[in-house]
Amino acid sequence: MEGTSKKTDTKLAEKDKQKAAKIASNKAKSGKPKKGTSRRMTVMDEAYFLFIGHYKDEHFKKYPPLPTQRVISKELRLAIWKKWMDMSDKDKAPFKKRAKENRANGCVQL
């Protein structure tokens with residue numbers, strides 16, 4: 001690099017190191033991924049998605065959706081979430097078992 005001194009290059013390198021260290025320490029403090037980053041789905045995540053499909057099918061048998069309805073309503077999503085949270089581990093076991101089997105076969109519920 002012409003026009004810059006060794007001293008200036010060294011200062012810039014130190015600033016970059018300090019910035020990287022600060023970012024790393026912030027990540028360590030928060031303990032969770034930053035917004036916009038992805039994480040790997042767990043077996044429980046997959047089990048919950050299987051439960052959503054099961055519950056949605058039961059619900060739509062009782063109350064057929066409108067032809068234009070493609071997504072489930074916010075109220076239905078909240079009802080499904082509450083039901084999942086109220087379920088015991090014994091009740092969640094079949095969904096967890098299917099999720100493990102799917103994962104072993106290379107199928108991941110999306």
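On a predicted model such as this, the values are computed, not experimentally measured, just so you know.
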Legend entry - Non-neighbouring partners of K97 that pass side chain to side chain contact (heavy atoms under 4.5 Å, CB included), sequence neighbours left out: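 Applying side chain to side chain contact (heavy atoms under 4.5 Å, CB included) to K97 gives E101.
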Inset, instruction - With sequence neighbours excluded, tell me which residues meet side chain to side chain contact (heavy atoms under 4.5 Å, CB included) with I52. - result: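 Only Y48, F49, I80 meet the side chain to side chain contact (heavy atoms under 4.5 Å, CB included) criterion with I52.
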Legend entry - Crowding at NZ, K92 (>12 non-hydrogen neighbours, <6.0 Å):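 Count over threshold, so yes.
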Legend entry - Heavy-atom closest pair, residues T42 and R103: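 Heavy atoms of T42 and R103 come nearest at C-NH2, 3.7 Å.
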Legend entry - Minimum-distance pair of heavy atoms, taken over all atoms of A99 and V43: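 Result for this residue pair: CB-O, 3.7 Å.
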Inset, instruction - Please name the residue in the list E46, M44, H54 that meets the side-chain contact (heavy atoms from CB on, under 4.5 Å) test with F95. - result: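 Only match with F95 under side-chain contact (heavy atoms from CB on, under 4.5 Å): H54.
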Inset, instruction - Tell me whether L78 is reachable from L76 by hopping between hydrophobic residues (I, L, V, M, F, W, Y) whose side-chain heavy atoms are closer than 4.5 Å. - result: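 No: no chain of side-chain contacts under 4.5 Å links L76 to L78.
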Legend entry - Listed once per pair and sorted, the side-chain hydrogen bond (donor to acceptor under 3.5 Å, both in side chains) pairs that draw on residues 76-90, sequence neighbours left out: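 Found S88-D91.
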